[in-house]
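Note: hydrogens, waters and symmetry copies are ignored here, and every other heavy atom, side chains too, is used. Below, chain A is the first sequence line, B the second, and so on; all start at residue 1.
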There are 4 protein chains.
Amino acid sequence: MGTPHSPRSDTRARIIEVSLELFSEQGYEQTSLREIADRLGVTKAALYYHFKTKDDIVLGIVERMAAPIDEIIAWGREQKTWSPEMRDEMIRRYADGMAERAPLLRFFHENQPALRESPAGLAFRERVITMMQLVHGPEAEFRDRLRATMALFTAHTAFFLLKQDTVDGGDVVNVWGEKVPHAELDEALEAAREVALEISGRITGHPARDTD
Amino acid sequence: MGTPHSPRSDTRARIIEVSLELFSEQGYEQTSLREIADRLGVTKAALYYHFKTKDDIVLGIVERMAAPIDEIIAWGREQKTWSPEMRDEMIRRYADGMAERAPLLRFFHENQPALRESPAGLAFRERVITMMQLVHGPEAEFRDRLRATMALFTAHTAFFLLKQDTVDGGDVVNVWGEKVPHAELDEALEAAREVALEISGRITGHPARDTD
Amino acid sequence: MGTPHSPRSDTRARIIEVSLELFSEQGYEQTSLREIADRLGVTKAALYYHFKTKDDIVLGIVERMAAPIDEIIAWGREQKTWSPEMRDEMIRRYADGMAERAPLLRFFHENQPALRESPAGLAFRERVITMMQLVHGPEAEFRDRLRATMALFTAHTAFFLLKQDTVDGGDVVNVWGEKVPHAELDEALEAAREVALEISGRITGHPARDTD
Amino acid sequence: MGTPHSPRSDTRARIIEVSLELFSEQGYEQTSLREIADRLGVTKAALYYHFKTKDDIVLGIVERMAAPIDEIIAWGREQKTWSPEMRDEMIRRYADGMAERAPLLRFFHENQPALRESPAGLAFRERVITMMQLVHGPEAEFRDRLRATMALFTAHTAFFLLKQDTVDGGDVVNVWGEKVPHAELDEALEAAREVALEISGRITGHPARDTD
DNA sequence: GATGAATGAGAATTCATTCAT
DNA sequence: GATGAATGAATTCTCATTCAT
C-alpha cells in the first residue's frame, strides 16, 4: 500500500478528459454520449459503468479539474484579513495557469442554461462566488462586487478572444477572424493579467474586517 | 373605419416575444417548440407557418430586438474619427436601456454553443464585434480590444448579477442568493455604467485615425 | 353561345399541367402542394378552390390527359373482330404521339404504390387493361397477354431510357449517362415502334371471336 | 456445445425481411418505420440501433438480396466475348428464380421516385444497367438496348401480372381481377422465360468484340 | 377566385438510459 | 470492465386540409 501499484482503469480519467474537451468545444447539449464513447473507442454502455448519468460526468470533471481553483480559494482563506495586496494576489494566481483552466471555464461560462440546476453546476458556481467574495472582501457594495466579477472574467475572456479555432492546420484565429502568431498568446495572457489588475485595483473594500 | 386597420394577426410578434422570454430563461436547447406553442395557446404547426425553422425564430428575434444596438452602431459610425469622448458615449448609450436589452443579451451570452454556427448567431456576433471595434477604435492593440470587450460586458453582467429569479413570489434574488430591494436595481445600473466607463477610460486608441 | 367568350379561370388547367410535370419528375409523394402552388405563384388554399383533394388533382389529370388513349380504345372497339392488322394498328397509334403522352405514363408507371387505391389510379388502370385486351384479343392465353403488355410498355420504356434530365442546360441524358443529340429522339421513337411491333407480332390471338 | 452458436440476435435480418415485404406491398413512402417496428414487435428506436436511417434499411435490403443478381453479372463477365448464346443464358438465369427475386424487383420498379437519389437506389440501378449491357453486348445501338431492357422487364412483369393480392384468404388474383389457380404460376414463369427469349432473340449485337 | 392563418396527424430521427450477459 | 440490444420519451419538422374573410 502507499504505492499505486496498478494503473487500474484509466478509462474514467479519459472519459473526463475527452468529455471536457467536447463539452467545451461544442457545448453540453450538443455533445452526445455516443460522440464521447466513439472518440474513446468504447461503447456508450461503458460510460455508464463509470458514471451514473451524463450529469455525473460533469461532476467528475469538476472534481478532477477544480483543484487549482480550490487551492487559490484555500490560499485566500488563509489570509485572515482582506487587503489590496491579497486582492491582487488572488487575481494574479487566477490569471496564471489560465491556459490549463480555460476549457473548464469556457465550459461553465457557455453552458449556463444546461448546468444551472445540476449538482455539478451548483458545485462550480459556489466556487466562483467564493472566489469573488475573497477578491472584493466582506460587506462589499455592489460596485466592488461588480469589479471583482469583471476582473476574474477578464482573465478567461482574453483567452476566448484568442480562442483556438484551428484553421487549415494549427493557426490560432481570434474572435475578429484575424490570424494570431503563437507568440502573441503569451502577450495576451500578460495583457489579461494587466487589465484584470486594472479593474481589481479600483476595488476599495473594507480592509479592517475579517475575510469571513 | 378611421382607425388604422389593426395588424391582422400579431401571432408572429407574440412568438418572438415568448420565445425570447423562454430562450433567455431556460436556454435555447432546453426550450422546445411545444413549450412555446403551449404558452401561446397555438399548435406547433402554427409556429412553422410563421417561421421556417427553430433557428429562424432566433433570426426573427434578432431582427426585431437588435434595432437599439444598430442605432448605437449607426451613431458610432457617424462620428468620422475616433475619440475618447465618442468611446465613452458609446458605452453610455449601451449601458442605458440595458433593462430592455437584457433578455436578448443574456440569451446570446448564455447560448453560444447552440448559436455559434447559426445564421442568427452570426448576425448577432457581427454586431457585437462592430460595437467593440467602434469602442476601441481602429488598429487597436490587444490590451485595448480586451478593455473594450470587458467594458461592454460589464453592462449586462451587472444585470445578470441581479438577475431576477423569482423565489416564492416576486422577490428579486441576486447571484449570491441575497434578496434585493427593487430600489437597488437603479443603483446597479448606475454602478454598471460607472464601472464600464472606468474600464473603457483606460483605452488609449489612435485618435488621429479614421473610424473605418 | 357556342364561342368560349371568356377564358374563365385557366388556373385549373395550369394546376393540372404543373402538377403532372412535378408528379412525373419527382413522384406523387415527393411533390407537396406547396411546391405546386409556389410554381404557379398562388397559395395552397387556391388549389383547394379548384380541387377537393390532392388525389382529386390526379383525377383532373386523367380526365384532361387520357383523351388520346380513350380515342385509341374507341377505335379498337369499333373494329368488331380482332385481327393481327387491328392489333398492330393499336400499337402504332399508341406509339405515335408518345412524346406528349410520356409524362402521364411515366407518372402512373412510377407511382403505382401511391395510386393503387385511389379513384384516379383505378380509372387509369382500367384503361390500360382495356388497351391490352384489345391488343391481344378475347380469351387470350397468358403468353399473349404478356406479349401485349410488353409491346405497350416498350413504347414508353424507350422514352424513359432517353429520359430528359436536363444537365447544365438542355442536354438530354439517357439512363446510361450518355448525352443524346436531339436527332436521336426521333430515331428512338421509331425504334420503339419497331420493337413494339416485333413483340406484338408474335401474338396469335383468336381472330374468329368477337372483341368483347 | 457442439452446435455452432446461433446468431445472438437475428433482429437485423428480420428488419430487412419485413421491410422488403412492406415496402414491396405498400411502397416505400407509404410504409412508416412505426409499421415495420410494430410488425416486428420492437420499438422504432430498435430499428435505429441496426440502421442509421430509413434509407439505410434499403441499402441493407440490396446487400442481402442482390446476391443472386450479382452472381448472374459475375457469370456474364466471365464470358470474355459476347455471343447470342451467352445473351440467352443471361436471360434464362435471370428468369429462373424470379419467384424469390420478385419482391425486390417489384420494390425497385414501383418506387423509382423515392429511390432515384438514394445510395441504395443508385446501387441497384447500377446493377440493372450492367445486366442490360451484358445482355446486349458492347457498342449496341438503341434498338438492341431497348430489346435487352424489355427482355429483362418481361421476366418480372409476368410475375406482377399474377401478383399475389390475397383477397378473402389466400387466393391469387391477377391484374385483371381474375382468380388464378396455383398451377398457372409455373406456367406463367415458363411463359415469361419464353417471351423474354423471343425478345432478346432479336438482339444482333457485335459478337466479335469484347464484353467490356 | 383567392388568401392568411391555423390545425391535426404523423413522419423520421435522436438521446440518455437500462440490463442481461 | 465492458458490450450488444433495446427502450421510452422527446424533438424538429412536414403535409394535406380547413375556414373565415
Side-chain angles (χ1 to χ4, degrees), chain A residues 8-12 15 28-37 40-57, chain B residues 5 7-12 15 28-37 40-57, chain C residues 8-12 15 28-37 40-57, chain D residues 5 7-12 15 28-37 40-57:
Chain A
R8 297 290 223 86
S9 150
D10 66 330
T11 303
R12 207 190 126 91
I15 293 173
Y28 179 76
E29 300 283 343
Q30 284 75 20
T31 305
S32 74
L33 294 183
R34 190 177 51 60
E35 234 172 324
I36 297 171
L40 283 167
V42 297
T43 62
K44 267 188 296 173
L47 305 182
Y48 279 89
Y49 179 80
H50 296 282
F51 298 93
K52 270 211 295 292
T53 72
K54 189 183 182 186
D55 215 279
D56 206 40
I57 296 181
Chain B
H5 65 291
R8 186 75 90 324
S9 145
D10 59 335
T11 305
R12 205 192 127 93
I15 292 173
Y28 178 76
E29 300 283 343
Q30 285 74 21
T31 305
S32 75
L33 295 181
R34 187 180 52 63
E35 235 172 323
I36 298 172
L40 282 168
V42 297
T43 61
K44 272 179 295 168
L47 305 182
Y48 280 92
Y49 177 76
H50 294 283
F51 298 94
K52 271 207 297 290
T53 158
K54 190 181 180 186
D55 210 279
D56 205 41
I57 297 182
Chain C
R8 297 291 224 86
S9 150
D10 66 330
T11 303
R12 205 190 128 93
I15 293 173
Y28 178 76
E29 299 283 343
Q30 284 76 19
T31 305
S32 75
L33 293 183
R34 190 176 52 61
E35 234 172 325
I36 297 171
L40 283 166
V42 298
T43 62
K44 266 188 295 173
L47 304 181
Y48 279 88
Y49 179 80
H50 295 283
F51 298 93
K52 272 210 293 292
T53 73
K54 190 183 182 185
D55 215 279
D56 207 41
I57 297 181
Chain D
H5 64 293
R8 186 77 88 324
S9 145
D10 59 334
T11 306
R12 204 191 129 94
I15 292 173
Y28 179 77
E29 300 283 342
Q30 283 75 20
T31 305
S32 76
L33 294 182
R34 187 181 51 64
E35 238 172 320
I36 297 171
L40 282 167
V42 297
T43 61
K44 270 181 295 168
L47 304 182
Y48 279 93
Y49 176 77
H50 294 283
F51 298 93
K52 270 207 298 290
T53 157
K54 189 183 181 185
D55 210 278
D56 206 41
I57 298 182

Reported CG-to-OG1 distance for the pair Leu33(A) and Thr53(A), which is rounded to 0.5 angstrom: 9.0 Å
CD1 on Ile36(D) to CZ on Phe51(D), rounded to 0.5 Å: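 So the CZ of Phe51(D) and the CD1 of Ile36(D) are separated by 9.5 Å.
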Starting from [atom2] on [N], measure out to [atom1] on [X] and report it in whole angstrom.
X: Leu47(B); N: dA6(E); atom1: CG; atom2: P; answer: 10 Å
X: Leu40(D); N: dA6(F); atom1: CG; atom2: P; answer: 10 Å
X: Ile36(A); N: dA2(F); atom1: CD1; atom2: P; answer: 16 Å
X: Ile57(B); N: dC13(F); atom1: CD1; atom2: C1'; answer: 12 Å

Criterion side chain to side chain donor-acceptor pair (under 3.5 Å) on Glu29(B) and Gln30(A), from CA distance to verdict: CA-CA 9 Å; Glu29(B) 300 283 343; Gln30(A) 284 75 20; 2.5 Å; yes
Do the side-chain N or O atoms of [X] get closer than 4.0 angstrom to the phosphate oxygens (OP1, OP2) of [N]?
X: Tyr49(C); N: dA2(E); value: no
X: His50(A); N: dA2(F); value: yes
X: Thr11(C); N: dA2(E); value: yes

Earlier contact from the 5' end, DNA chain E, for Gly41(C) and Glu35(D): Gly41(C)
Salt bridge (charged side-chain N to carboxylate O under 4.0 Å, His left out) partners of Arg12(C), counting only residues at least two apart: none
Least distance between heavy atoms, Thr31(A) atom then Lys54(A) atom: O-NZ, 2.9 Å
Test log, rule side-chain contact (heavy atoms from CB on, under 4.5 Å), inputs Val42(A) and Ile15(A): CA-CA 10 Å; Val42(A) 297; Ile15(A) 293 173; 5.9 Å; no
Provide a list of protein-nucleic acid N or O atom pairs under 3.5 angstrom, restricted to nucleotides 14-18 of chain E.
{"unit_1": "dA16(E)", "atom_1": "OP1", "unit_2": "Lys54(A)", "atom_2": "NZ", "d": "3.0"}
{"unit_1": "dA16(E)", "atom_1": "OP2", "unit_2": "Leu33(A)", "atom_2": "N", "d": "2.9"}
{"unit_1": "dT17(E)", "atom_1": "OP2", "unit_2": "Tyr48(A)", "atom_2": "OH", "d": "2.8"}
{"unit_1": "dT17(E)", "atom_1": "OP2", "unit_2": "Lys54(A)", "atom_2": "N", "d": "2.8"}
{"unit_1": "dT17(E)", "atom_1": "O5'", "unit_2": "Tyr48(A)", "atom_2": "OH", "d": "3.2"}
{"unit_1": "dT17(E)", "atom_1": "O4", "unit_2": "Lys44(A)", "atom_2": "NZ", "d": "3.2"}

Leu47(B)/Leu40(B) under side-chain contact (heavy atoms from CB on, under 4.5 Å): CA gap, chis, key distance, verdict: CA-CA 10 Å; Leu47(B) 305 182; Leu40(B) 282 168; 4.3 Å; yes
Verdict with reasoning, Asp55(B) to Tyr28(B), per side-chain contact (heavy atoms from CB on, under 4.5 Å): CA-CA 9 Å; Asp55(B) 210 279; Tyr28(B) 178 76; 3.8 Å; yes
Close side-chain approach of Tyr49(A) to Thr11(A), heavy-atom, < 4.5 Å: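 Counting from C-beta outward, Tyr49(A) and Thr11(A) never come under 4.5 Å.
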Pairwise P distance, dT21(F) and dG1(E) [rounded to whole Å]: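 Roughly 22 Å separates the two P atoms.
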Identified stems (criterion: three or more consecutive Watson-Crick or G-U pairs, under 3.5 Å), DNA chain F: E:2-21 with F:2-21
